Amino acid sequence: MSKLPEDFYQKVYQLVKQIPTGKVTSYGAIAKALGSPQSARTVGYAMNASHKLNNVPAHRVVNRNGVLTGKHHFSGTHAMQQLLEAEGLVVIDDQIQDFDKHIWQPKNIDT
DNA sequence: ATAATGACTCCCC
DNA sequence: GGGGGAGCCATTA
């Protein structure tokens with residue numbers, strides 16, 4: 001692990017942990033809040049590492065389209081979908097309904 | 001140090 | 001509206 005990117009991960013975790021129940025956000029939004037809108041891909045990578053943590057609701061993080069692209073990385077096939085539905089969201093075919101209404105805009109922690 | 005991979009996003013056809 | 005290609009960042013081999 002490099003020295004600088006490590007902070008990036010911490011920011012990602014910190015932000016994801018701040019996502020309120022019943023809300024979701026996108027990798028790009030997180031990356032942007034971190035001051036690196038082009039590091040959306042890296043955010044996903046951080047999520048992968050967040051799997052070893054227990055306080056990082058990665059299931060609330062989806063792509064900008066509101067699609068559960070990373071559901072495949074979860075325990076089961078629909079584990080992510082079930083989690084979101086259990087939080088009051090509506091997920092159909094790995095697609096969050098009214099994603100724009102359930103989206104959660106993170107605050108810039110980079111400032 | 002170079003090359004390949006990935007839970008993304010944007011641009012073009 | 002749907003599909004394909006390129007770009008960016010960080011990690012791993």
Side-chain angles (χ1 to χ4, degrees):
Chain A
M1 293 193 182
S2 313
K3 281 80 186 5
L4 192 63
E6 187 181 81
D7 187 47
F8 191 87
Y9 273 48
Q10 299 306 318
K11 289 178 178 176
V12 174
Y13 299 144
Q14 183 178 323
L15 231 156
V16 174
K17 285 192 286 188
Q18 288 173 38
I19 302 176
T21 309
K23 293 282 181 172
V24 287
T25 189
S26 59
Y27 302 93
I30 297 174
K32 196 176 195 295
L34 269 54
S36 300
Q38 278 116 299
S39 303
R41 222 168 183 169
T42 312
V43 175
Y45 218 97
M47 296 282 86
N48 188 9
S50 80
H51 239 285
K52 58 187 172 193
L53 303 176
N54 59 336
N55 44 345
V56 182
H59 60 269
R60 291 181 190 153
V61 185
V62 296
N63 68 343
R64 76 161 189 92
N65 217 0
V67 182
L68 284 54
T69 53
K71 72 157 195 171
H72 225 251
H73 286 259
F74 271 75
S75 311
T77 341
H78 293 142
M80 192 174 181
Q81 177 174 336
Q82 289 175 358
L83 284 167
L84 291 171
E85 291 184 325
E87 303 201 345
L89 291 171
V90 182
V91 182
I92 300 177
D93 191 29
D94 307 333
Q95 166 68 57
I96 298 176
Q97 306 304 300
D98 300 311
F99 175 64
D100 57 326
K101 298 178 184 174
H102 292 290
I103 201 169
W104 175 77
Q105 189 66 347
K107 301 173 71 176
N108 272 30
I109 59 183
D110 179 64
T111 48

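The structure displayed is predicted, hence computed values, not measured ones. These numbers come from the heavy atoms of this one structure, side chains and all, not from hydrogens, waters or symmetry mates. Every chain is numbered from 1, with letters handed out A, B, ... down the list of sequences.
No side-chain heavy atom of Thr69(A) sits less than 4.5 Å from a side-chain heavy atom of Val62(A).
In this structure, Ala33(A) and Pro106(A) approach most closely via the heavy-atom pair CB-CG, 3.9 Å. The minimum heavy-atom distance linking Trp104(A) with Thr25(A) is given by the pair O-OG1, 3.1 Å.
Rounded to whole angstrom, the span from the CG atom of Asp7(A) across to the P atom of dT11(C) amounts to 12 Å. Remark: C1' of dA10(C) and CE of Met47(A) are 14 Å apart, rounded to the nearest angstrom. The CG atom of Leu34(A) sits 13 Å away from the C1' atom of dA10(C) (whole-angstrom rounding). We find that CD1 of Ile30(A) is positioned 14 Å from C1' of dT9(B), with the value rounded to whole Å. We find that NZ of Lys71(A) is positioned 13 Å from C1' of dA7(B), with the value rounded to whole Å. Protein atom CZ of Arg41(A) is 13 Å distant from nucleotide atom P of dA6(C), rounded to whole Å. Counting to the nearest Å, the P atom of dG6(B) and the CD atom of Gln38(A) are 22 Å from each other. Here the C1' atom of nucleotide dG6(B) and the CG atom of Asn48(A) are 9 Å apart, to the nearest Å.
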(message) Could you go through Asp98(A) and Val90(A), starting from their C-alpha distance and side-chain angles, then the distance that decides it, and tell me whether this counts as side chain to side chain contact (heavy atoms under 4.5 Å, CB included)?
(response) CA-CA 8 Å; Asp98(A) 300 311; Val90(A) 182; 6.0 Å; no
(message) Assess the residue pair Ile19(A) and Val24(A) against the criterion (side chain to side chain contact (heavy atoms under 4.5 Å, CB included)); give the C-alpha distance rounded to whole Å, side-chain angles, the decisive distance to 0.1 Å, and a yes or no.
(response) CA-CA 7 Å; Ile19(A) 302 176; Val24(A) 287; 5.9 Å; no
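Which of dT9(B), dT11(C), dC9(C) sits closest to the side chain of Tyr9(A) comes down to dT11(C).
When the side-chain nitrogen and oxygen atoms of Thr69(A) are compared with OP1 and OP2 of dC8(B), one or more of them lie within a distance under 4.0 Å. Checking the phosphate oxygens (OP1, OP2) of dC10(B), a side-chain nitrogen or oxygen of Arg64(A) falls inside 4.0 Å.
Taking only distance into account, the side chain of Tyr45(A) never meets the base of dA10(C) through a donor-acceptor pair shorter than 3.5 Å. With hydrogens and angles ignored, a donor-acceptor pair closer than 3.5 Å exists between the side chain of Thr42(A) and the base of dC9(C).
The side chain to side chain contact (heavy atoms under 4.5 Å, CB included) with Leu68(A) is formed by just one residue from the set Leu83(A), Val61(A), Asn63(A), Val91(A); it is Val91(A).
Base contact: His51(A) has a heavy atom under 4.0 Å from a base atom. Nucleic acid contact class of Ala58(A) (heavy atoms, under 4.0 Å, all strands): base. Residue contacts for Asn63(A): at a heavy-atom cut-off of 4.0 Å it reaches the sugar-phosphate backbone alone, with no base atom in range.
Residue Lys32(A) places its NZ atom among 12 or fewer non-hydrogen atoms of other residues, nucleotides or ligands, all under 6.0 Å distant.
For dG1(C), there is no paired base (Watson-Crick or G-U wobble, both distances below 3.5 Å).
Of the residues in residues 72-90 of chain A, those with a non-hydrogen atom less than 4.0 angstrom from any atom of DNA chain B are His73(A), Phe74(A).
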